[in-house]
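In this text the structure is predicted, and so the values were computed from the model without any measurement.
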Amino acid sequence: MDTGFDLREHGGVDVFLRDCPTRAVLELLASKWTMLVLVALENGRPMRFAELRRRLDGVTPKVLTSTLRALEREGLLTRSVYPTVPPRVEYRLTGLGREVGGLLQSITDWSQANITAIQSARHDFDERTARLAEDAVDPVRPTEERFTRSG
């Protein structure tokens, strides 16, 4: 499959190929919870599990645990266990994690700045598709008549 300039010839990877190892990284980063964890930790301050869970409204303990383990496995965060009773566990981004966290913070900022336009586009799309669905159900009656009839 030709995906444009092939970096493999130069020791690189080609993300458009199915066996490219960077696809697994992109899959992890594309997860809503991964993005939110990385943004929550992006300021450099370590956080405990319960603190992260409170910050990420709606995340289940199972999903948060899975997300944290995946990020640790990829080298994006560290998990530090302190020998206290009960044990204290903190999570902090690594250099790689801070780098990608900054990128994801930019995406978060963009999302928040543009949410009104996105919601408007979503609303317009939903109205158009609803009208198309109505036309498909009743193709004989003209659109104008459908909106001007009173009964």
Side-chain angles (χ1 to χ4, degrees), residues 1-138 143 147:
M1 168 185 222
D2 182 20
T3 60
F5 184 69
D6 191 348
L7 295 173
R8 291 173 300 164
E9 298 171 9
H10 308 285
V13 293
D14 186 345
V15 72
F16 295 102
L17 296 176
R18 86 182 89 198
D19 61 347
C20 180
T22 59
R23 280 198 177 185
V25 176
L26 291 176
E27 184 177 349
L28 174 65
L29 294 177
S31 160
K32 166 181 65 177
W33 295 117
T34 294
M35 292 182 77
L36 291 173
V37 166
L38 289 170
V39 170
L41 292 170
E42 199 259 332
N43 67 3
R45 189 176 69 77
M47 294 179 83
R48 296 176 72 175
F49 185 90
E51 194 177 5
L52 277 167
R53 186 154 179 245
R54 281 190 303 273
R55 181 76 175 113
L56 306 177
D57 187 33
V59 70
T60 65
K62 181 179 177 181
V63 168
L64 182 56
T65 297
S66 174
T67 301
L68 291 168
R69 285 184 180 155
L71 290 168
E72 183 180 12
R73 181 173 186 251
E74 299 298 327
L76 300 176
L77 67 75
T78 57
R79 177 180 182 268
S80 300
V81 181
Y82 297 94
T84 60
V85 178
R88 189 176 93 228
V89 180
E90 291 181 341
Y91 299 90
R92 178 188 301 257
L93 295 182
T94 63
L96 278 175
R98 283 190 302 278
E99 185 177 347
V100 75
L103 296 171
L104 296 176
Q105 180 64 60
S106 295
I107 292 171
T108 301
D109 293 344
W110 178 89
S111 298
Q112 291 173 336
N114 291 287
I115 190 61
T116 302
I118 292 166
Q119 288 174 329
S120 177
R122 183 183 305 149
H123 175 76
D124 293 348
F125 176 87
D126 291 347
E127 281 189 345
R128 276 193 319 276
T129 56
R131 281 194 304 269
L132 290 172
E134 288 174 6
D135 291 344
V137 170
D138 191 3
T143 304
F147 290 111

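Judged purely by distance below 3.5 Å, without hydrogens or angles, the side chains of Gln119 and His123 never pair a donor atom with an acceptor atom.
In this structure Glu51 satisfies the salt bridge (Lys or Arg N to Asp or Glu O under 4.0 Å) test together with Arg45, sequence neighbours excluded.
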Could you give the side-chain donor-acceptor pairs of residues 68-77 under 3.5 Å, partners two or more places apart or in another chain?
none

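Arg48 approaches Tyr91 most closely through the heavy-atom pair C-CD1, 4.5 Å. Heavy atoms only, all atoms of each residue included: Leu26 and Val15 are closest at CD1-CG2, 3.2 Å. Here the shortest heavy-atom pairing between Val59 and Arg53 reads O-NE, 3.5 Å. Contact between Ala40 and Leu56 at its shortest, heavy atoms only, is CB-CD2, 4.4 Å.
Between the side chain of Arg98 and the main chain of Asn43, no donor-acceptor pair closer than 3.5 Å is present. For Thr65 (side chain) and Pro61 (main-chain N/O), a donor-acceptor pair under 3.5 Å exists by modelled atom type. The backbone N or O of Gly97 lies less than 3.5 Å from a partner atom in the side chain of Thr94, making a donor-acceptor pair. At distances below 3.5 Å, at least one donor-acceptor pair connects side-chain atoms of Thr108 with backbone N or O atoms of Leu104.
Two residues are said to be in side-chain contact when any heavy atoms from C-beta on lie closer than 4.5 Å; Leu38 and Leu103 fail this criterion.
Annotation for Asp124: atom CG counts as buried by contact number, over 12 foreign heavy atoms lying within 6.0 Å. For CZ of Arg55, the number of neighbouring non-hydrogen atoms (other residues, nucleotides, ligands) closer than 6.0 Å is 12 at most.
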**Message:** Apply side chain to side chain contact (heavy atoms under 4.5 Å, CB included) to residues Phe49 and Val89 and explain how you reach the verdict.
**Reply:** CA-CA 7 Å; Phe49 185 90; Val89 180; over 6 Å; no
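Between Glu90 and Arg92 no salt bridge is recorded (no basic side-chain N to carboxylate O distance below 4.0 Å).
In this structure, the separation between CD on Gln105 and CE on Met35 is 10.0 Å, given to the nearest 0.5 Å. Here the CZ atom belonging to Arg131 is positioned 7.5 Å from the CZ atom belonging to Arg128, to the nearest 0.5 angstrom.
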